[in-house]
Enquirer: 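Got a structure for you, written out below as structure tokens; questions coming shortly.
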Amino acid sequence: MTMEYLRHLAEQKLPCETFAVPEIDALRVLRAADMIMAFIPARDAVGHDGENNKPAMVLAITQKGRLALREAFERAA
């Protein structure tokens, strides 16, 4: 899911935000891998409805992230 979500982000106009917990979890992984630059709320920001009360904001895909996308595309071709 994480690389698929990175591919999804590459198709979006950045910056973009999300409140969805699964997407924010994927963003945490991508940021830890230095593939994106993002502001991500603390884990305790999740409300009773299962969505975050504060959005995560993706600012950019890093050079490392773009390289990973390119390599995944080349492997799939």
Enquirer: Do the side chains of L69 and V58 join up, straight or via other hydrophobic residues, at under 4.5 Å, putting them in one cluster?
Expert: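 Both belong to a single hydrophobic cluster.
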Enquirer: Distance from R7 atom CZ to F73 atom CZ, nearest 0.5 Å?
Expert: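 That separation rounds to 9.5 Å.
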Enquirer: Heavy atoms only: give me the nearest E23-Y5 pair and the separation to one decimal.
Expert: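 Nearest heavy atoms, E23 then Y5: OE1-OH, 3.4 Å.
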Enquirer: Rounded to the nearest 0.5 Å, how far does CZ of R66 lie from CG of L6?
Expert: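 Reported to 0.5 Å precision, the distance equals 8.5 Å.
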Enquirer: Search all heavy atoms of K64 against all heavy atoms of D34 and return the closest pair with its distance.
Expert: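 Reported closest heavy-atom pair: CB-O, 3.6 Å.
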Enquirer: List the atom of L14, the atom of A60, and the distance in Å for their closest heavy-atom pair.
Expert: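 So the two residues come closest at CD1-CA, 3.8 Å.
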Enquirer: Tell me the closest heavy-atom pair linking R28 and A42, and the distance in Å.
Expert: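 Heavy atoms of R28 and A42 come nearest at NH2-C, 3.6 Å.
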Enquirer: Quick check on Q63: does its CD atom have over 12 non-hydrogen neighbours (other residues, nucleotides or ligands) under 6.0 Å away?
Expert: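 No, the 6.0 Å shell around CD holds no more than 12 heavy atoms from other groups.
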Enquirer: When rounded to the nearest 0.5 angstrom, what distance separates SG in C16 from NE2 in H8?
Expert: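 Rounded to the nearest 0.5 Å, the SG-NE2 separation comes to 6.5 Å.
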Enquirer: After noting the C-alpha distance and the side-chain angles of L27 and T2, does the key distance pass the side-chain contact (heavy atoms from CB on, under 4.5 Å) rule?
Expert: CA-CA 8 Å; L27 292 176; T2 305; over 6 Å; no
Enquirer: How long is the straight-line distance from CG of L67 back to CD1 of I61, given to the nearest 0.5 Å?
Expert: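 Reported value, rounded in 0.5 Å steps: 12.5 Å.
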Enquirer: Please give me the minimum heavy-atom distance between P55 and P41, naming the atom from each residue.
Expert: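 Closest heavy-atom pair between P55 and P41: O-CD, 3.6 Å.
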Enquirer: Write down the atom of M35, the atom of A68, and the distance for their closest heavy-atom approach.
Expert: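 Result for this residue pair: CE-CB, 3.8 Å.
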Enquirer: Nearest 0.5 angstrom please: M3 CE to L9 CG, how far?
Expert: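 M3 atom CE to L9 atom CG measures 11.0 Å (nearest 0.5 Å).
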Enquirer: Do side-chain atoms of R31 reach the backbone of I36 as a donor and acceptor pair under 3.5 angstrom?
Expert: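 Not a single qualifying donor-acceptor pair exists.
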